[in-house]
Structures are given as structure tokens and as C-alpha cells.
Amino acid sequence: MRFADCAWPPPASPLSRRPAVSFAVLATDSSSAARVGRLDLPHGTVDTPIFMPVGTQGTVKTLHPSEVEQLGAQIILGNTYHLWLRPGHELIRGLGGLHGFSGWQRPILTDSGGFQVWSLAKLRKITEEGVQFRNHLDGSKMLLTPELSMEIQAALGSDIAMLFDECPPYPCEEAYAEKSLALTTRWARRCKDWISANEPRSGDGRQRHFGIVQGSIYPDLRERSARELVALDFDGYAIGGVSVGEPEEEMFRAIDHAVPFLPHDKPRYAMGLGTPPQILEMIGRGVDMFDCVMPTRLARHGMAMTLDGPINIKNQIHATDPRPVCESAHAHVAGFSRAYLRHLFRAGEILGLRLLSFHNLHFYLRLAAGAREAIAAGNYSDYRDSFVRRYTRSAS
RNA sequence: GGGUAGGUGGCCGAGUGGUUAAAGGCGGCAGACUGUAAAUCUGCUCUCAUUGAGUACGCUGGUUCGAAUCCAGCCCUGCCCA
């Protein structure tokens, strides 16, 4: 199975006819820890491994929900922090939750605001109670707590709510990482208490909750964090605190030191990852779910993913190139030349942002679909290796 | 013809005796981006060479130790009046 041979849109997996359970592992790879799974959620089913496009503010930037659907995206992200500040979770609740409000009818995962603890570090103060933010919109002080994060996510009505965590920076002293993960665990307990006291729904329609493993680059801490969260019993587990500036090898190690302590029958989610080769690497290490701003942000900055690595469409070299951006491009984009795409970017035309956003997401989604097919077909290592070999060949 | 304002690096535009190869913007050429304060940010952008040198603020001449900056003449442009 090669990336270029993958059918698009991907066929429904014949493996996915099973009794309704929240998550089922349907196939495993013999040469790696990769597995194919199915995750049943209130708004639909998600085939794993999966890439989840990021739609922080209730929109996958530049794209119409129908286009995101056309891409075959099965689940997208939203962000608690941003939607809380603007337009406010009660407003969204009143307009049909995030699904009704945004027009996206498939599953949504909401991040808890924990990442903003890291990304807005200059504007916040962490206490036992929660995180005091200086609102980046108007500078006013606001307190986000585990309970409030859960309440906001319940109001948004996402299919999966992430627990409120502290994402420590890199590098991070071991003592701080230990303190931080202990806080994340205490917050997880408070999230759980809030959920059991307030979650109105039950059964298949209920919101799922994923814990977030922290512990920076320290193996013992990763293990401890994973064990503590698993003991609290959530619907799935994420590995956080990665892709915060650490070398790639540290990132892989952090995953490896967490995955073995996570249950086989629950989905595993590596937060914020990654480049295409990183995602294939992580799938081989047993991760099921990914999200990353990279395809959409890079698209808006003129970078297009191709089977031969990313290219900067703004570069002069593409000025008269009649070829499509990539031989694997979706028909929606394949009809446009690199020369035209370059022109759109140089002219500041919005269509350029849209076409590359569409293209890069297609590339990522197809990468994941190909991985699912390859795992089911029992040749995942070949798929990964042949993709990475070509993708990185000209990059160096 | 008279008056007046002005001519600065690819373009716009600041500078009005030395710290000016000349602010800033645009344009151009690259780079960065990983649970999105991001259609953003960074670097380079006269010529040649390694430090360094050369050429350059309409043109020509002058004043001065030193001129994009002061003076004279000329050329050109905008506006106003004939």
C-alpha cells in the first residue's frame, strides 16, 4: 500500500460492523504498535488512526463546513478558551451548541484551554484554583478553573471534552514537571467530580472525556501521570506537553513512556502533532488520534504539502510551473497550476489560502486513511517507510 | 511669459552641513511556523570583494576640513496667474 494508491474518499471499513461500544480496536499491525479502531460518538463514528483538523474558533479557518465534510474529515477541534472569551459559551449553548452554531454536524473535540496555559504564558498566573488569564482580547483578568472548563465544554456540546491540564514549557526542570503533573492530576479529579455532579446526558449520547498525560520528558513522570489518570477512568487518554519546542527524539520518547501505561481498549491521542512523518511514526507507536494547526496554518502562509515534502508556493521557482500542487491533490484543487497558486498568494487573494488549506488537510486526512488501510492490510511499515523515504528525500 | 512648490535608492517617502549607503512603508528574494493571541513573524534587498572599497540624493560648477543638506546657473515636474 502506497500513499499514492489510496482510494479517495476512503471506503468504509468492512471491519467497522461491530456492536456499539465507545471504542473498539478492529485490527492491529504485526510489525508495530499501530492499530485500526472505531470510536463511536454522539455525532458519528470516527475511524482511527485519524487526523482532526483544528477549528479553534468554531471554524476550520477559511473553509466552509461542507468543504471540511467533502474532505472526509470525521471530527474537528474547537477551543474552550477562545469560544469562552468570544462569543461566550452561554450564547453558543443558546444557539444549538457548537454544532448548531457552526453548522458542523459531525463529531467535535474541544480542547480544555490547557494549551493556552502554555501558549499565553506571559498573560497568566497558575494557582491551585486554576489559571488566571489576562484576556488577550481586552486585557481583563479572568479565571479558568477545571470546573469552569468542563462547564464551558458541556455548554459547547462537544463529543469529546478534554480535561483541564497544565501544559508545562520545554525545557522544564524535573521538579517543576513533577509539581505540574500532580496539579494536572488534582485538576483531573476535580473535572471528574464536576462531570459526575453535572453531566446531564448518559449512554451513547453523553459527552466523552479524555485525560491528558503530562510529565515533560521524564519517563518516571510520564508513567506516573498515565497511571494516575487511568485510575480515574476516562473515555480516552491524550499525551500532552509535546510539540512545545523539544527535539523530535524527546517527543517520541515522551510518547513511548506514556503509551504502555494506557489501556489497550481506549483511544490514545497525541495532542498538537505533527508533521506527516511524525504522525506516521506515532501511529506506529500506538497513537490513534492527532490534531495539528500545521496543515491549515502553513497553508495560509503559502506552504503546500507534497509527496516530496513541503513546498513554499510563493517561491519564484514556481512562477511558470503548470503542474498541480501535488500529484495526490484532490480534484477540488488539482485543476490549478502552481503558477496560479503562487499568483494568488502574491496578489493576496483569499482563494489561495482556501485552496492550500483544503489541499493540506486533504493530504493529512489521506495520510491517515492510507495508514488505516495499510494496518488493516497488514503492511503498515511499508506504507510508513515508503512515504517517509520520499517525503524527506529532497528536504535535506 | 510670471509666480510658486518640488526633483532622494525598483516605487512612495523622511532627512535639510559631519554620527547618512541614507528612517519608514511598498515592492522583490528567502526563512520560520506542531492541543492557532498566527491571511502571522523574521532576515536580506546599490555594486564588487574576505575585512574593506567603489559609486549614489535631477545636471554642472562653487563655498567648506567635510555637502543629499548651503550658493549659482541649467534641465525637468506639479499647481496658480497670464
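Chain identifiers are assigned alphabetically (A, B, ...) following the order of the sequence lines, protein sequences preceding nucleic acid strands; residue numbering begins at 1 within each chain.
Candidate nucleotides B/rG31, B/rC29, B/rA39 were compared by shortest atom distance to the side chain of A/Asn312, and B/rG31 ranks first. Considering only the side chain of A/Arg297, B/rA38 comes nearest among B/rA38, B/rA30, B/rG35. Nearest to the side-chain atoms of A/Phe115 among the listed nucleotides B/rU34, B/rG35, B/rU36 stands B/rG35. Of the candidates B/rG35, B/rA37, B/rA38, the closest approach to any side-chain atom of A/Asp111 belongs to B/rG35. In this structure, of B/rG35, B/rU34, B/rA37, it is B/rU34 that holds the atom nearest to the side chain of A/Thr275. Taking every side-chain heavy atom of A/Met294 into account, B/rU34 is the closest of B/rU34, B/rG28, B/rA37. Here the side chain of A/Leu298 is nearest to one of B/rG35, B/rC33, B/rU36, namely B/rC33.
Not a single donor-acceptor contact under 3.5 angstrom links the side-chain atoms of A/Ser119 to the base of B/rU36. Side-chain N/O atoms of A/Gln278 and base N/O atoms of B/rU34 include a donor-acceptor pair closer than 3.5 Å. Side-chain N/O atoms of A/Asn79 and base N/O atoms of B/rG35 include no donor-acceptor pair closer than 3.5 Å.
OP1 or OP2 of B/rU36 lies within a sub-4.0 Å distance of a side-chain N or O belonging to A/Gln116. Distances shorter than 4.0 Å separate none of the side-chain N or O atoms of A/Arg124 from OP1 or OP2 on B/rA37. Taking side-chain N and O atoms only, A/Ser243 has no distance below 4.0 Å to OP1 or OP2 of B/rU34.
Contact check on A/Glu349 versus A/Arg342 returns no salt bridge, with no Lys/Arg side-chain nitrogen under 4.0 Å from an Asp/Glu carboxylate oxygen. Look at A/Arg372 and A/Asp288 and you find no salt bridge, because none of the NZ, NE, NH1 or NH2 atoms lies under 4.0 Å from a carboxylate O. Contact check on A/Arg206 versus A/Asp235 returns a salt bridge, with a Lys/Arg side-chain nitrogen under 4.0 Å from an Asp/Glu carboxylate oxygen. Between A/Arg354 and A/Glu67, at least one side-chain nitrogen of the basic residue sits less than 4.0 Å from a carboxylate oxygen of the acidic one, meeting the salt-bridge criterion.
Following rounding to the nearest Å, A/Phe133 (CZ) and B/rA37 (C1') show an atom-to-atom distance of 11 Å. Protein atom CG of A/Asn360 is 17 Å distant from nucleotide atom P of B/rU36, rounded to whole Å. Between the C1' atom of B/rG27 and the CD atom of A/Gln316 lies a distance of 13 Å, rounded to the nearest Å. Following rounding to the nearest Å, A/Ile313 (CD1) and B/rA30 (P) show an atom-to-atom distance of 12 Å. For A/Asp138 and B/rA37, the CG to C1' distance is 12 Å, given to the nearest whole Å. Atoms CG (A/Asn315) and P (B/rG28) sit 13 Å apart, rounded to a whole Å. Atom-to-atom, CE of A/Met303 to P of B/rU34 comes out at 13 Å; the value is rounded to the nearest Å. The distance between atom NE2 of A/His82 and atom C1' of B/rA38, rounded to the nearest whole Å, is 11 Å.
Nucleotide B/rU4: paired with B/rG78 (Watson-Crick or G-U wobble, both distances less than 3.5 Å). When Watson-Crick and G-U wobble pairs are counted only if both distances are under 3.5 Å, B/rA32 pairs with B/rU40. When Watson-Crick and G-U wobble pairs are counted only if both distances are under 3.5 Å, B/rG52 pairs with B/rC48. Taking a pair to require two hydrogen-bonding distances under 3.5 Å in either a Watson-Crick or a G-U wobble arrangement, B/rC70 pairs with B/rG62.
If you take atom C1' in B/rA72 and the same atom in B/rG1, they sit 23 Å apart, rounded to whole Å. If you take atom C1' in B/rU51 and the same atom in B/rG10, they sit 30 Å apart, rounded to whole Å. Across B/rG9 and B/rC26, the matching C1' atoms stand 14 Å from one another, rounded to whole Å. As rounded to the nearest Å, B/rG61 and B/rC11 have C1' atoms that lie 31 Å from one another. Rounded to whole Å, the separation between the P atoms of B/rU55 and B/rC71 comes to 26 Å. One P atom belongs to B/rU20, the other to B/rC74, and the distance between them is 35 Å to the nearest Å. Taking the P atoms as reference points, B/rA56 lies 22 Å from B/rC65, given to the whole Å. Of the P atoms belonging to B/rC46 and B/rA21, the separation is 14 Å, rounded to the nearest Å.
Each of A/Gln207, A/Gln153, A/His89 was evaluated against A/Thr110; a single residue qualifies, A/Gln153, per the side-chain hydrogen bond (donor to acceptor under 3.5 Å, both in side chains) test.
Both the sub-6.0 Å distance and the 45° axial angle are not jointly satisfied by A/Lys266 relative to the ring of A/Tyr237. Annotation: cation-pi geometry satisfied between A/Arg366 and A/Phe3 (NZ/CZ under 6.0 angstrom from ring centroid, within 45° of ring axis).
The residue A/Leu109 sits apart from the nucleic acid: no heavy atom pair falls under 4.0 Å. Counting non-hydrogen atoms under 4.0 angstrom, A/Asp165 reaches a base of the nucleic acid. Nucleic acid contact for A/Gly113: none, since no nucleic acid atom lies under 4.0 Å from a heavy atom of the residue. Nucleic acid contact class of A/Leu77 (heavy atoms, under 4.0 Å, all strands): sugar-phosphate only. A/Thr62 comes within contact range of no nucleotide atom at all, as no heavy-atom separation falls under 4.0 Å. A/Gln214 comes within 4.0 angstrom of a nucleotide base, judged by non-hydrogen atoms across all strands. Contacts of A/Met251 with the nucleic acid, taken as non-hydrogen atoms under 4.0 Å apart, are absent.
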Enumerate the protein-to-nucleotides 40-43 of chain B contacts in which both atoms are nitrogen or oxygen and the separation is below 3.5 Å.
none

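Interatomic distance, NE2 of A/His136 versus OH of A/Tyr81, reported as 5.0 Å (0.5 Å rounding).
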Worked check of side-chain hydrogen bond (donor to acceptor under 3.5 Å, both in side chains) between A/Gln278 and A/Glu248 | CA-CA 8 Å; A/Gln278 285 170 351; A/Glu248 191 176 75; 2.9 Å; yes
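Using bins of under 30°, 30° to 60° and over 60° for the plane-to-plane angle, the ring pair A/His330/A/His332 lands in the perpendicular bin.
Checked against the 6.0 Å centroid threshold, A/Phe363 and A/Phe358 do not count as a close aromatic pair.
Of the two residues near RNA chain B, A/Gly348 and A/Lys61, the one whose nearest nucleotide lies more 5' is A/Lys61.
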